[in-house]
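Chain letters run A, B, ... following the sequence lines, proteins first, then strands; residues in each count from 1.
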Amino acid sequence: MKKFFVSFAVVATFVGYALRQHFHVGQDDALPIGSSPNSSTTSTSTTNNSEVSVPVNNTSSFTPTNTSTRVRSSGAYRNGTYTGTVADAFYGNVQVQASIKGGKLVDVQFLQYPNDRGHSIEVSNVSTPILRQEAIQAQNANVDIVSGATATSQAFQQSLASALSQAK
Amino acid sequence: MKVSRRLMGMPITVEVIDHRVIPEQIDRVFGYFHSVDELFSTYKPTSEISRLNAGTLKRDESHHKVQTVLRLAEETKSLTGGYFDVYRHGHLDPSGLVKGWAIEQATKLLQHEGLQNYYIAAGGDIAAAGQNSQGQAWRVGIRHPFHKDEVVKVVAIGDAGVATSGTYERGEHIYNPRHGYGAANEIASLTVIGPNIYEADRFATAAFAMGQKGIHFIERRPGLEGYMIDLDGTATMTTGFDQYLAS
């Protein structure tokens, strides 16, 4: 079930994000708000550890397909399920399937997602010194390079955008 | 000379300060990344990793680089208490190790050319050497995990690697089945500074998967320093992190 809940959490987060992106055009272009501390997606968390595999398509033909009938509605998109293109998130693919109901994006399923995480055994937290903490603060400083991370979210946006473009 | 290209789904930048650098030297770096992609890509059916998974290639018949990475993966799994594992349900995916390893190998191409002042940045991971164009330590910003255009910390490094594992790079890391996405005790990003990018990247990836405990894991590893940011915007740093703080 892990994958299921993983997907569920991801979906909940990114649906919120996508709705923000697509129905609040003009607002700031922040990254998914699910990362904020008051995220509502915590409700999807679980302690269940069993597994459900996620379908993975490893063929090289990645043409988008419309997998259900479309019904015109009053919303911004046509009802149906739309599969986005496979987007490369560095040695792993992101591919999403967007579901539109009532003209709105109601669900995003991950068909592919990079797997590089180790599984779980507890690593003992033997005594280490109390580590210093601080509140993070944006710095106004020149830098040569930035260390950070965007690959998967970019791939997600790319795949979702392609799915939604079919729903228009 | 600074060149950026998009390869393997991520932006890769190579900047060399030494005046003697020639474009062919930088081209060779990108050529190397391309060759790594051909061998290790999990989405190209012709790659050795895909063929290993399909059962059409045996491990002991694979490219020596593939065998090297698989050996390193086993070592890393053991060093991280299983948190770093390139096998999932019998499916091989060494991506989490290959990135840092490939960047580190690429820096050796520049070293062998006698170049001394450069960095290679790929997908947010950085391998640096020498000094920047002002003759000072490289200034590396740690990206704000919630505002991608801002940095929250600046570190100054010479010959070192800096890797950040975070919500937006390796999304799956945050979906720890025991805590779920967005749980209060989970973290938004973990930046690790190490002697090289291979060390920094593999331990950043593994430690991020450990959640709050990850920063203590980094604290205990000699030669590594870390800066962890919680989802509520609180940062926790290892005891030696201060030595890298830029003035």
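Neither the backbone nor the side chain of B:K44 comes within contact range of chain A; no heavy atom of the residue lies under 4.5 Å from a heavy atom of that chain. Neither the backbone nor the side chain of B:I49 comes within contact range of chain A; no heavy atom of the residue lies under 4.5 Å from a heavy atom of that chain. Only the backbone of B:A163 comes within contact range of chain A, with at least one heavy atom under 4.5 Å from a heavy atom of that chain. Contacts of B:A235 with chain A are made by both backbone and side-chain atoms, with heavy-atom separations under 4.5 Å. Within the 4.5 angstrom heavy-atom criterion, atoms from both the backbone and the side chain of A:E134 approach chain B. With a 4.5 Å cut-off on non-hydrogen atoms, B:A137 touches chain A through its backbone but not through its side chain.
Here A:I145 is the residue among A:I145, A:N140, A:V143, A:N142 with the most heavy-atom pairs under 4.5 Å with chain B. With respect to chain A, the highest number of heavy-atom pairs below 4.5 Å among B:N53, B:V154, B:D149, B:T234 belongs to B:T234. Each of B:V151, B:V140, B:T76 has some count of heavy-atom pairs under 4.5 Å with chain A, and the biggest count is that of B:V151.
Scanning all heavy atoms of the two residues, the minimum distance from A:G148 to B:R143 falls at CA-NE, 3.5 Å.
Ring planes of B:Y119 and B:W138: perpendicular class, angle over 60° (limits at 30 and 60°).
Side-chain contact of B:T164 with A:S147: a donor-acceptor pair under 3.5 Å is present, judged by distance alone.
Partners of B:F241 under the ring-ring contact (aromatic ring centres under 6.0 Å, His included) rule, at least two apart in sequence or in another chain, are B:Y227. For B:E74, the side chain to side chain donor-acceptor pair (under 3.5 Å) test picks out B:R59, with sequence neighbours left out.
At least one side-chain heavy atom of B:Y118 sits less than 4.5 Å from a side-chain heavy atom of B:T107.
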